[in-house]
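See below for the structure under consideration.
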Amino acid sequence: MTAITDDQTDGQNDADGQNDVDGQNDVDGQSNAVGQNAGDENAGDQKVAGDRWDDGLIARRAGGRTEGAESEPGDDLPAEEHVPIGGAYVGPLRVRLDALRELIGLSRTRLDGKTLAEAGRVLDEAAARQRLSSRHTVVAIAGATGSGKSTLFNALAQVPISETGLRRPTTSAPIACTWSEGAAGLLDRLAIPPRLRRRPLAGGDEELSGLVLVDLPDHDSALVRHREQVDRVLALVDAVIWVVDPEKYADAALHERYLRPLAGHAEITFVVLNQVDRLPGEAADQVLDDLRRLLDEDGMALGEHGEPGATVLALSALTGDGVGELRELIGTFVQERDAAARRLSADVDAAAAKLRPVYLAGGRTGLGERSRDDFSARLAEAVGAKAAGEAAEREWRRNAGRACGTPWLRLWRWYERARTPGSGVPEAAAPVEDELTARQRVEQAVRTVADEAALGLPTPWAQAVREVAVRGAEGLPEALDELAVREAEAMSGRPLRPAWWPAAVLAQASMTLLQIYGGLWLMGQIIGLLEPGLMAPVLVMLAGIVGGPLVEWACAAAARGPARRYGQDARRRLQEAAAGCGRAKVLDPIAAELMRYREVRERYATVSGSGK
């Protein structure tokens, strides 16, 4: 095997119609020197034959050109044609993506950016993958140091492309092998430079047409940049082949960092137990069974007995035992042309699982009618609706007493008021302590209804409900005070009198006239102006004296019902006014926030596929 210099490698890439992007598209962000070293590492696999050469790529050079000839404009063939996916996603995946997009839009003002970051990344990756080829499936080969993934990569390509050896790490940057044209956009997305893109020697098998195979650095490499490359590429590929060996198949780093978090991606996962040629007898089956057990503990479904899940098999990349079976499985997988959709659906599942705590919580959510009534009752108590109703009832009864009472009793009350200084002064305004108590009652009512509305909601939405309640409560005590003043002014006028009041007043006046008439009649007999006869004038005067209080008592009894209704009506009006104010300022904003939560919960149900 003859080594080829970096200049020759660059020239080969230019002949492929691709630009040398050393130092720009290098996946680990290294300088041009690093990219050259990567080219040198693969140079041992290149062959020279006369003026034409082949290193495992389809290196299309212009006919008749020699190795040292300068390239002329137009000699290079066009770059690989970009094949778009063609149209939007269809079926349940499109519905879920649309719901996820709406979910993020509805949640931006309620959830922080970190919480929505993963969901946003999934949408971005979905849009990016949609613009690229749908005829290609990108499969990454990942594994630990010494697991033999590069050997397996070469065995699948049937040509030595990725360097193998005892030096660790052997693979320093991702290397891609494509079995058909049109994958340039996908490789650009993976940031794999043209110098690290390969093709099978004879174009590859038809069964693998559309496959883009990527050999990754070791996921347990001592170099941080290698591990970062693995994590970055794994987030972008359509499927993964995990290569494990009998010594490290139970490595905690592999299971805890990769297999367990990616358990939901089982349908696009292959787990290959390599180097089984090193295991004697039935040890390979025992190790494979233990590997299946570990995967089951990781939560990864296994694709056995026709069930969807991860594919697990044993092979030896060095001897070729089992490689053909893996090629057949990969070929069938690639020809289905739905790996990208499966990967994206699994990403949506993972994003939905992370968002579950902020959208779903235990318990029943919402604000019941009882909570609303209790809130209105607390506001009515704070505004003094009950006291206002009782005051209105007393005022009604006082008016009835003044209208239907005896003149002598009214005269006596007037005398008492005149004799007692300050008795006619209106009641003083409520003390400051009472006002503070009323304000505290309003604040307590708002806190209570907010807590009841937030009960059962996830923490971010519960906090949002409490915030809108507090904002709505600003100025609520003052608004209730204005309502109380208006209602007091409305009730300050003389209460309406029932139709029987004039008759009662006339009856009371008649009783008074009887008293006066009987008194004058008796006086006339005493002074001799009239004939003696005490019985008649005494009876007349006694009828007036007894009839006056009797009429007053009857009027008071008759006024009790209308007075109560008048007080209840006054109380009801103040309660309704306070409830309306509280509803507009507090309950309606809370209801709007709960409606928003129900809407996002419906979107989340669509995203998660629960349909609830």
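What you see is a predicted model, and the numbers here were worked out from it, not measured in a lab.
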Compare all side-chain heavy atoms of [X] with those of [Y] and state whether any distance is below 4.5 angstrom.
X: V244; Y: L291; value: yes
X: I241; Y: V243; value: yes
X: L457; Y: L594; value: yes
X: L116; Y: S107; value: yes
X: V446; Y: L476; value: yes
X: L211; Y: V139; value: yes
X: Q229; Y: P174; value: yes
X: V449; Y: D374; value: no

If every non-hydrogen atom of [X] is compared with every non-hydrogen atom of [Y], which pair is closest and at what distance?
X: A346; Y: G264; result: CB-O, 3.6 Å
X: L190; Y: R232; result: O-NH1, 3.0 Å
X: A301; Y: A266; result: O-CB, 3.5 Å
X: A351; Y: A119; result: CB-CA, 4.2 Å
X: S221; Y: R227; result: O-NH1, 2.6 Å
X: P217; Y: V230; result: O-CG2, 3.2 Å

Decide, yes or no, whether a salt bridge links [X] with [Y] under the criterion of side-chain N to carboxylate O below 4.0 Å.
X: R603; Y: E599; value: yes
X: D98; Y: R101; value: yes
X: R439; Y: E478; value: yes
X: R598; Y: E602; value: no
X: R573; Y: E576; value: no
X: K248; Y: D220; value: yes
X: E336; Y: R342; value: yes
X: R293; Y: D290; value: yes

R447, CZ atom: more than 12 neighbouring heavy atoms under 6.0 Å:
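More than 12 within 6.0 Å, yes.
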
State whether a side-chain donor-acceptor pair under 3.5 Å links [X] with [Y].
X: R96; Y: S345; answer: yes
X: D112; Y: T115; answer: yes
X: D231; Y: H219; answer: no
X: Y359; Y: S608; answer: no

[X] side chain to [Y] main-chain N or O, any donor-acceptor pair under 3.5 Å?
X: Y89; Y: A341; value: no
X: R260; Y: R257; value: no
X: H255; Y: Y249; value: yes
X: R596; Y: L106; value: yes

Rounded distance (nearest 0.5 Å) linking atom [atom1] of [X] with atom [atom2] of [Y]:
X: L455; Y: S371; atom1: CG; atom2: OG; value: 9.0 Å
X: L97; Y: E102; atom1: CG; atom2: CD; value: 11.5 Å
X: W242; Y: T311; atom1: CH2; atom2: OG1; value: 15.5 Å
X: R378; Y: T448; atom1: CZ; atom2: OG1; value: 4.5 Å
X: L223; Y: D218; atom1: CG; atom2: CG; value: 9.5 Å
X: E381; Y: Q444; atom1: CD; atom2: CD; value: 11.0 Å

Verdict with supporting geometry, Y604 and L360, side chain to side chain contact (heavy atoms under 4.5 Å, CB included)
CA-CA 9 Å; Y604 175 79; L360 296 182; 3.5 Å; yes

Please name all residues satisfying side-chain contact (heavy atoms from CB on, under 4.5 Å) with Q463, sequence neighbours left out, ordered by chain then number.
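Once residues adjacent in sequence are excluded, the partners of Q463 under the side-chain contact (heavy atoms from CB on, under 4.5 Å) criterion are E467.
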
What residue among R343, R129, R135, R189 forms salt bridge (Lys or Arg N to Asp or Glu O under 4.0 Å) with D238?
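Single salt bridge (Lys or Arg N to Asp or Glu O under 4.0 Å) partner of D238 among R343, R129, R135, R189: R129.
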
Mind running side chain to side chain contact (heavy atoms under 4.5 Å, CB included) on L213 and V138 for me, showing each step along the way?
CA-CA 6 Å; L213 196 63; V138 183; over 6 Å; no

Once you measure the plane-to-plane angle for W461 and Y597, does it fall in the parallel (<30°), tilted (30-60°) or perpendicular (>60°) bin?
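The arrangement is tilted - the two ring planes meet at 30° to 60°.
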
Check whether the ring centres of F270 and F333 lie less than 6.0 Å apart, and answer yes or no.
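Ring centres of F333 and F270 closer than 6.0 Å.
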
Just one of I268, V334, V237 clears the side chain to side chain contact (heavy atoms under 4.5 Å, CB included) bar with T137, so which one?
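By the side chain to side chain contact (heavy atoms under 4.5 Å, CB included) criterion, T137 pairs with just one of I268, V334, V237: V334.
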
Could you go through the side chain to side chain contact (heavy atoms under 4.5 Å, CB included) check for R292 and V271 one step at a time?
CA-CA 9 Å; R292 290 192 178 97; V271 182; over 6 Å; no

Trace of the side chain to side chain contact (heavy atoms under 4.5 Å, CB included) decision for I141 with V214
CA-CA 6 Å; I141 299 182; V214 180; over 6 Å; no

